[in-house]
2 protein chains.
Amino acid sequence: MGKPTVHDIAKEAGVSLATVDRVLNSRPGVREKTVRRVQTAVQTLGYVRDLTAANLSRKREYRFVFVLPQGAGQFVETLRAALLEAGEAHAADRMAVEIISTPMHDAHVVADLLNSLGPKLYSGVAVLAQETPAVRDAIRHLKETGLPVVTLVSDIPSSDRDHFVGIDNVAAGRTAAVLMGRFLGGFTGKILISASSMLARDSIERRLGFDNVMAERFGNIQVLPSLELRDQPARMMKIVKSVLQSDPSIAGVYSLGPINEAFLAALRASGRLDDLVVITHELTPITRTGLLADEIDAVITQNVGHLVRSAMRILRAKCDGRRIIESQERIRTDIIIKENLP
Amino acid sequence: MGKPTVHDIAKEAGVSLATVDRVLNSRPGVREKTVRRVQTAVQTLGYVRDLTAANLSRKREYRFVFVLPQGAGQFVETLRAALLEAGEAHAADRMAVEIISTPMHDAHVVADLLNSLGPKLYSGVAVLAQETPAVRDAIRHLKETGLPVVTLVSDIPSSDRDHFVGIDNVAAGRTAAVLMGRFLGGFTGKILISASSMLARDSIERRLGFDNVMAERFGNIQVLPSLELRDQPARMMKIVKSVLQSDPSIAGVYSLGPINEAFLAALRASGRLDDLVVITHELTPITRTGLLADEIDAVITQNVGHLVRSAMRILRAKCDGRRIIESQERIRTDIIIKENLP
DNA sequence: GCTTTTCTGATGTACGTCAATCAGTTGGGA
DNA sequence: TCCCAACTGATTGACGTACATCAGAAAAGC
């Protein structure tokens, strides 16, 4: 005798198949007493609904849409690639993923787009966007229409998103700080901070964690104000280069977001890359190259594959009304150095 | 129009459903020419077989057995826990996991056990065992009976296992060495090495990687011969304590396997824990506690959840005759410090 | 006791694939 | 020409669940 089926339950509870079906799918038209009879039968037999058969029957299709910023750099591109791969891998499991790109700096376009999504088109939404009132309200609206929503990478807690899929960015900043402090080996010096052009909240949280650890444990290190010059590569290059050359007490560089080509070039141009401890976020082709060339000392990152799979698991669980296993959905903060580069 | 089904292919290829089925399942009785007709139809329509429906139909059940050593310490216990969790989570997907424990130091018992497994009982096997001729031959025999086999954590490449699920242990040793060298900050000193009591190959590979990096990059650091005293806690405690107290030039400790309570106690008893850089493998309750107490500086580990999920994905892919996505099955070498403790 | 409502049973179809059977069609050799 | 293969078609019944319908039973109201 294999796993119990609805038939077994019907027999055990002494009711018909139709009634079992009504109870299992919590449809109306069953007396309270009978509901309990069925439920105890489910308990005693240890019945678990065969989800694949169920989905086959109702020919359910999960269509998950991922809203990502356009032109936000290589990290988002790797995320995009992971999504495409996941889409293929899950084609057989009746799960389809779709990616919608949005302009990076126009929150209203994002909000409008989110508002245009509905439960008829999709069964779940994942959003990577800046935390603005418009976006927050749009997410709330989505949730009201019954769509499960998760935020990606940078949280938007003020919205009522079902879950946040990403790392604890405060802890990530703390991690970066400890590595920086230890790699510097007790030296006194200054740290140059480069602000990410990505999203607000993740950068703020990382900076917070970084500063906290520096203040607590490495009093001899001074953290400089953030440089925010990502959108003007030429100008940034000049400034970074001159700052590094004029102040030899700068011993480390911490980039709150993924480093870009221009910034790395600026570091190279300063001629001080060999002495500097450079720590950045997110494993991308550029940061990978930097690690291999011993230009970057450590990368704090999150596995995009895990991000995507976790988001899909969570959305799917919400669709099915299942609970999620929290411990399984916690995204780890990965430390990558040249030696453990995947 | 949704996804194409076998019916659509039959229509497109101008053959009957039965023929399509024969081709798809590579059953005999179809002319070469017809096979090609069907295959091109599959191509043009972009048909992907609905695996859930297929499995439902053939009421396939995957029974995977994991052979683990008994009493091998907390790491294997966390692996066990992850397996139980995975078993529950995949009950709905018609995948069942079973754990069989074996005595740790008796390779013949392991081999006999493996030889007793067969394709009637299980659809896949995962083994965590020492690499001995008996075990190697047993695995080869299993493969000959048609069962897919993967090795876990410590590879047995001489067997013809389908895949190894675990980290690159040479790289892991290298990673430990770089962290050790950098955390020591250019000091001159000696490193105490504690050999794992776990399995041979993984320890050897880690030691190899560690020594390589030390020789290449940190010439001022001397790596001592391995201490192998895991089975005699009392004696080990005395030796470790006296070694550390008598030789103040020892600046770091590297444990090739998960540290155990007795060893950590010995380090504490030496009174030198505050100055030592301690690096060990595998995140377990003990190493976690050590990290939190600032007694351990870093832990090189592999995520047991990923291990079991990867093993199950691979075994299942082999069962279904599907190819696996290599990049998705590469287990990362995780660096854990107090700040990014999950 | 009668009607009305609420609950329950029985039955059937669908989902996409697998597997098996039986009948029919080719093609090649004798 | 005939026959025996080797192929192919048509059909059918699982697999476990969802969902709809209709008839029948029990419960409630009068």
Side-chain angles (χ1 to χ4, degrees), chain A residues 1-39 41-42 45-62 90-96 123 319-322, chain B residues 1-39 41-42 45-62 91-96 319-322:
Chain A
M1 39 146 258
K3 305 240 180 295
T5 74
V6 275
H7 296 83
D8 302 321
I9 292 185
K11 236 180 294 174
E12 173 79 10
V15 299
S16 82
L17 241 130
T19 305
V20 173
D21 179 65
R22 286 189 265 257
V23 173
L24 287 181
N25 297 289
S26 50
R27 270 189 273 274
V30 185
R31 226 182 325 180
E32 184 63 27
K33 206 171 65 180
T34 319
V35 171
R36 272 198 298 275
R37 263 228 313 287
V38 172
Q39 280 168 345
V42 167
L45 290 187
Y47 166 82
V48 277
R49 158 212 252 110
D50 187 327
L51 254 186
T52 67
N55 289 337
L56 173 61
S57 169
R58 77 174 100 184
K59 65 177 204 167
R60 192 161 182 33
E61 266 230 324
Y62 303 89
H90 287 286
D93 305 354
R94 340 181 76 75
M95 306 210 273
S123 31
C319 286
D320 293 346
R322 280 182 294 128
Chain B
M1 37 148 261
K3 305 243 179 298
T5 74
V6 275
H7 296 82
D8 301 321
I9 292 187
K11 236 180 294 173
E12 172 80 11
V15 299
S16 82
L17 240 120
T19 305
V20 173
D21 180 63
R22 285 190 264 258
V23 172
L24 287 180
N25 298 289
S26 51
R27 268 190 277 274
V30 184
R31 224 179 329 180
E32 185 62 27
K33 204 172 67 179
T34 319
V35 170
R36 272 199 297 275
R37 265 231 309 289
V38 173
Q39 280 169 344
V42 167
L45 290 186
Y47 166 82
V48 277
R49 153 209 257 115
D50 188 327
L51 256 186
T52 68
N55 289 337
L56 173 62
S57 169
R58 77 175 101 183
K59 66 178 207 166
R60 191 161 179 47
E61 266 230 324
Y62 304 90
D93 306 352
R94 339 181 75 77
M95 304 210 273
C319 287
D320 294 346
R322 280 181 295 127

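Remember, predicted model here, so these are calculated numbers, not experimental data. All values below were derived from every heavy atom in this structure, side-chain atoms included, with hydrogens, water molecules and symmetry-related copies excluded. In what follows, chains carry the letters A, B, and so on, assigned in the order in which the sequence lines appear, proteins first and then strands, with residues in each chain numbered from 1.
With hydrogens and angles left out, the side chain of B:Arg22 and the base of D:dG9 share a donor-acceptor pair within 3.5 Å.
Remark: B:Arg31 is in phosphate contact with D:dT8, judged by side-chain N or O atoms under 4.0 Å from OP1 or OP2. Look at A:Arg27 and you'll find a side-chain N or O under 4.0 angstrom from OP1 or OP2 of D:dC19. For the OP1/OP2 pair of C:dG16 and a distance below 4.0 Å, the side-chain nitrogens and oxygens of B:Thr5 include no atom meeting the criterion. Listed pair B:Ser57 / D:dA14 fails the phosphate criterion, with no side-chain N or O lying under 4.0 Å from OP1 or OP2.
Following rounding to the nearest Å, B:Leu17 (CG) and C:dA20 (P) show an atom-to-atom distance of 16 Å. When rounded to the nearest whole Å, the span between CD1 of B:Ile9 and C1' of C:dG16 equals 12 Å. The separation between A:Lys33 atom NZ and D:dA26 atom P is 12 Å, rounded to whole Å. Going from atom CD of A:Glu32 over to atom P of D:dA27 covers 15 Å, rounded to whole Å. Atom CG of B:Asp50 and atom P of C:dC18 are 9 Å apart (whole Å). As a whole-Å value, the separation of A:Leu56 CG from D:dC19 P is 13 Å. Summarising the geometry, the separation between NE2 on A:His7 and P on D:dA18 is reported as 12 Å, rounded to the nearest angstrom. For the pair A:Asp21 CG and D:dA20 P, the interatomic distance rounds to 10 Å; values are reported in whole Å.
Within the 4.0 angstrom heavy-atom criterion, only backbone atoms of the sugar-phosphate kind lie near A:Ala54; the bases stay farther away. Note on A:Asn55: nothing from the nucleic acid sits closer than 4.0 angstrom, heavy atoms only.
A donor and an acceptor atom, one from each side chain of A:Arg58 and A:Asn25, are nowhere located under 3.5 Å apart.
Counting only heavy atoms from C-beta outward, the side chains of A:Val42 and A:Leu24 approach each other to under 4.5 Å. Residues A:Arg37 and A:Val23 are not in side-chain contact: their nearest non-hydrogen atoms beyond the backbone lie 4.5 Å or more apart. For the pair A:Asp21/A:Val6, no side-chain contact is recorded, criterion being any heavy-atom separation below 4.5 Å from C-beta on.
When all heavy atoms of A:Cys319 and A:Tyr62 are compared, the pair lying nearest together is CB-CE2, 3.8 Å.
Taking only side-chain atoms of A:Asn25, from C-beta outward, the nucleotide of D:dA18, D:dC7, D:dT17 with the closest atom is D:dA18. Checked against D:dT8, C:dG9, D:dA10, the side chain of B:Ala18 finds its nearest nucleotide in D:dA10. Closest approach to the A:Arg58 side chain among D:dT8, C:dT8, D:dC19 is made by D:dC19 (side chain taken as heavy atoms from C-beta onward).
Closest-nucleotide positions on DNA chain D for B:Thr19 and B:Ala53 were compared, and the one nearer the 5' end corresponds to B:Thr19.
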